[in-house]
Amino acid sequence: MVSNDIIDIAYTRLHSDWQRRGFLHKIFNGEEQDMILSVSDPFSLVWRLWSMKESIYKLQMDATSVHKYNPSKISCHIIDEINGTVSIDHQTYDTTTNQTAEYIYTYAVKDNRSEIIHKIININSSEQQSELCYNRLINEVSIQLGLNPDKLTIRKSSNGIPSLYFQENKLDIDISITHHGSFGAYSIAYGMQ
Amino acid sequence: MKDKAQLIEDLKEIVKPYIQNQEAFDNINEDTDFINDLKINSANLVDVVLDIEDKYDIEIDNDSMEVMLNVKASLEVIQSKISA
């Protein structure tokens, strides 16, 4: 199982205000709020922590299938610029974050997988975000595995977790798709061979 | 006390800036899901909750917020807080 989250920094500056009254309190626990208010670049930390929570939220959803939105119950610890850990419901997961001037990308992995591929995608039209990511992912898998892309489909479970199918057969590949503003990303984790 | 139709209209105004699926927005009803139907960014869900707080001058604690992923659950939270 792999899950990811991307944040478009320019888009976030336009569409979200972390300094809005009540915002920090709804998303972060006390320790995280203290950390945010003590750093020189709170904006980056807010959205890095958010991407960590979001990636784990998706990982967790697969396990429990209960939809709940309470980010303050997911607690983050920063190890260094890239690595972190996130705890939810007594489980702790490692997260990896890649941050550029344009985006923040975080992923988390549960269970061993032989190889994980991550791709960041530039999106121009906001209408087709998920479709574009889906098509790119299918294209990549079709090349990797030598399968006809027309027979590959991505189907979402009732709790929104995507799976990859070849005709009617579910493939032993974990995928995760995220998009935000002008960026999308997908992760592909192939099964142990 | 506002009736349900009025509350849905209020909610429609509140979510309007954040929606990314116009068709689902035009057909908003109790069963509409904020993320799956309206395609609201999860980062903006908290803005929806804060806007609701501002609109009705109520406080929504994080435990109440966690169910507010669709219109129906949000209406229930709003109604319980307004009448509290």
Side-chain angles (χ1 to χ4, degrees), chain A residues 5-9 11-30 46-51 53-58 60-61 66-74 88 104 123 125-131 156-162 178-181 183, chain B residues 11 13-27 29-78 80-82 84:
Chain A
D5 188 62
I6 197 159
I7 288 169
D8 178 333
I9 289 174
Y11 186 90
T12 299
R13 286 195 193 281
L14 276 178
H15 293 97
S16 293
D17 176 12
W18 70 269
Q19 288 172 298
R20 181 175 185 188
R21 193 172 67 88
F23 187 91
L24 289 183
H25 177 71
K26 291 243 177 312
I27 294 181
F28 301 104
N29 64 34
V46 163
W47 296 106
R48 177 186 169 181
L49 292 172
W50 170 263
S51 76
K53 286 178 188 241
E54 189 68 7
S55 69
I56 297 303
Y57 176 70
K58 287 158 81 175
Q60 165 81 359
M61 220 150 59
V66 178
H67 265 231
K68 282 192 174 168
Y69 180 74
N70 195 343
S72 69
K73 277 191 180 163
I74 306 175
I88 179 170
I104 301 170
I123 300 173
S125 114
S126 63
E127 294 296 303
Q128 311 279 323
Q129 286 177 325
S130 49
E131 203 175 317
K156 277 189 166 184
S157 66
S158 58
N159 53 10
I161 302 298
T178 173
H179 54 77
H180 185 231
F183 289 99
Chain B
L11 203 52
E13 278 303 305
I14 287 171
V15 300
K16 196 176 178 181
Y18 311 113
I19 60 119
Q20 295 189 61
N21 183 336
Q22 188 63 40
E23 199 185 334
F25 177 73
D26 292 338
N27 298 309
N29 60 67
E30 272 196 79
D31 296 323
T32 303
D33 188 279
F34 291 153
I35 294 178
N36 294 325
D37 298 324
L38 298 178
K39 308 291 180 196
I40 295 175
N41 255 307
S42 49
N44 283 134
L45 267 190
V46 69
D47 289 306
V48 170
V49 176
L50 291 169
D51 289 347
I52 290 172
E53 287 188 333
D54 290 347
K55 165 94 186 168
Y56 299 106
D57 195 21
I58 54 176
E59 193 176 322
I60 298 169
D61 54 85
N62 291 3
D63 286 333
S64 301
M65 177 176 77
E66 70 181 21
V67 299
M68 293 174 65
L69 289 160
N70 56 60
V71 171
K72 188 165 189 278
S74 301
L75 293 182
E76 283 167 7
V77 171
I78 293 168
S80 73
K81 301 283 177 189
I82 291 179

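These numbers were taken from a predicted model, which means no experiment stands behind them.
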Please classify the contact of Leu50(B) with chain A as side chain, backbone, both or neither, using a heavy-atom distance under 4.5 Å.
both
Pairwise salt bridge (Lys or Arg N to Asp or Glu O under 4.0 Å) hits with a residue in residues 36-53 of chain B, at least two apart:
Arg20(A)-Asp47(B), Arg20(A)-Asp51(B), Lys26(A)-Glu53(B)
Mind checking salt bridge (charged side-chain N to carboxylate O under 4.0 Å, His left out) for Glu76(B) and listing every partner two or more places apart, or none if nothing turns up?
Lys72(B)
Contact list (residues 11-19 of chain A to chain B, heavy-atom gap under 4.5 Å, by number) returns Tyr11(A), His15(A), Ser16(A)
Sequence neighbours left out, what passes salt bridge (charged side-chain N to carboxylate O under 4.0 Å, His left out) with Lys156(A)? Give chain and number order.
none
Tyr69(A) vs Met68(B), test: side-chain contact (heavy atoms from CB on, under 4.5 Å). Steps then yes/no.
CA-CA 7 Å; Tyr69(A) 180 74; Met68(B) 293 174 65; over 6 Å; no
Of the options His180(A), Lys58(A), Lys53(A), Glu54(A), which is the one that meets Ser42(B) in a side-chain contact (heavy atoms from CB on, under 4.5 Å)?
Glu54(A)
Which atoms of Asn21(B) approach chain A - backbone, side chain, both or neither, heavy atom under 4.5 Å
neither
Tell me which of these, Leu45(B), Ile35(B), Asn44(B), Asn36(B), has more heavy-atom pairs under 4.5 Å with chain A than the rest.
Leu45(B)
Please say whether more than 12 non-hydrogen atoms of neighbouring residues, nucleotides or ligands are located less than 6.0 Å from CG in Asp57(B).
no
Heavy-atom closest contact (Ala43(B) atom, Trp47(A) atom, distance)
CB-CZ3, 3.8 Å
Asn62(B) side-chain N/O to Pro71(A) backbone N/O, donor-acceptor pair under 3.5 Å:
no
Report yes if some heavy atom in the side chain of Val46(B) is under 4.5 Å from a heavy atom in the side chain of His25(A); otherwise report no.
no
